[in-house]
Every structure is written in structure tokens, then in C-alpha cells.
Amino acid sequence: MRHAVTITMLLLLAACARVVPPAPRIAVSAAVSPAESQGLSVTADGGRLTSVLVYAGRDPVPGSFDASRTRWRSSGSLRPGTDYVVDAIATGRDGVTAHTATTLHTAPVRG
């Protein structure tokens, strides 16, 4: 009888299990050399970006989303010798979210 109860419980647990889809992947890319700087880009694979905040020191960095909200790009080039803080959130299927926070530093101008 103990075996039958264990099997029944396992079947009930399996029936209640829910498969959660994977969270979107968020990537941040930027050229950190002043000569190569084309700005900063944040992309979401497997979801849509719901929030992107970027700061150069204490200054907010302006940018915009593409029509599908899978990419955000800064409006201008990055400043040399500057710390940038990026905070991004993406939402995928069934509302599964991903969050990334990263810091990057652009190289100073060498002269």
C-alpha cells in the first residue's frame, strides 16, 4: 500500500508541475576605445526590453528603442575616460523577466 501512495503522490505532483520558459538574455555592447565609439547598445534575445537606464557618472544617457523593443541604442558616442552604468530589464514569454546591471569604462584619450 505504501508504494501505491508514493506513486499516486508523484503523479499528482507531476500533473501540477509547470514548465517555466527561459528568461530573455540581455547583452550590452560598446566600443570602449574613443576612436571606435559608436555609442552603446543593449539587446534582448527571447524577449522585449521593458526598461533601459544608462548613466555616465551622474548624467543620464539618452537613447531610444527600436520598433520591436529588442534593441536600445544611445543617441550619441560615448565619452572617453568615463564610467557608464547600465541597468536593463527584459520580459519574455509568460512574463518571465531578466535583469542585468553592469558597469563599463571607456578608455581615456591618449595624446
Side-chain angles (χ1 to χ4, degrees):
M1 184 64 157
R2 184 182 254 173
H3 237 356
V5 171
T6 302
I7 291 173
T8 303
M9 288 179 61
L10 287 174
L11 289 173
L12 287 173
L13 288 174
C16 294
R18 180 171 178 234
V19 176
V20 177
R25 290 182 309 209
I26 301 172
V28 177
S29 61
V32 293
S33 165
E36 301 171 7
S37 180
Q38 298 297 313
L40 188 130
S41 176
V42 179
T43 57
D45 182 23
R48 296 172 51 121
L49 292 164
T50 54
S51 172
V52 175
L53 299 173
V54 180
Y55 288 90
R58 293 182 176 192
D59 300 327
V61 175
S64 60
F65 296 98
D66 66 357
S68 65
R69 288 189 73 96
T70 58
R71 178 178 296 252
W72 179 94
R73 288 186 187 228
S74 63
S75 297
S77 297
L78 303 182
R79 297 188 312 229
T82 303
D83 288 322
Y84 286 86
V85 176
V86 180
D87 188 280
I89 298 171
T91 302
R93 287 192 347 211
D94 292 340
V96 177
T97 61
H99 175 249
T100 190
T102 189
T103 303
L104 60 99
H105 181 79
T106 55
V109 174
R110 300 201 192 267

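For residues 84-93, there are no salt bridge (Lys or Arg N to Asp or Glu O under 4.0 Å) pairs, not counting sequence neighbours.
Looking only at distances, a side-chain donor or acceptor of T106 sits under 3.5 Å from a matching main-chain atom of T82.
With sequence neighbours left out, R25 forms a side-chain hydrogen bond (donor to acceptor under 3.5 Å, both in side chains) with D45.
Under the 4.5 Å side-chain criterion, counting only non-hydrogen atoms from C-beta, T91 is not in contact with V96. Proximity of W72 to L40: side-chain heavy atoms (C-beta onward) are separated by under 4.5 Å at one or more points. Annotation: side chain of T100 is not in contact with side chain of V86 (no heavy-atom distance under 4.5 Å).
The two atoms that bring A88 and V42 nearest to each other are CB-CG1, 3.9 Å, heavy atoms only. For the residue pair R73 and S41, the shortest heavy atom distance occurs at CG-OG, 4.3 Å. Nearest approach of G39 to S74, heavy atoms of both residues: CA-OG, 3.3 Å.
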Can I get a per-line list of side-chain donor-acceptor pairs under 3.5 Å for residues 49-68, giving both atom names and the distance, sequence neighbours left out?
residue	atom	partner	partner atom	Å
T50	OG1	I89	O	3.2
D66	OD1	S68	N	3.4
D66	OD1	S68	OG	3.3
D66	OD1	R69	N	2.8
D66	OD1	T70	N	3.0
D66	OD1	R71	N	3.3
D66	OD2	S68	OG	3.3
D66	OD2	T70	OG1	3.4
S68	OG	T70	OG1	2.8

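Between T43 atom OG1 and I26 atom CD1 the span is 9.0 Å, to the nearest 0.5 Å.
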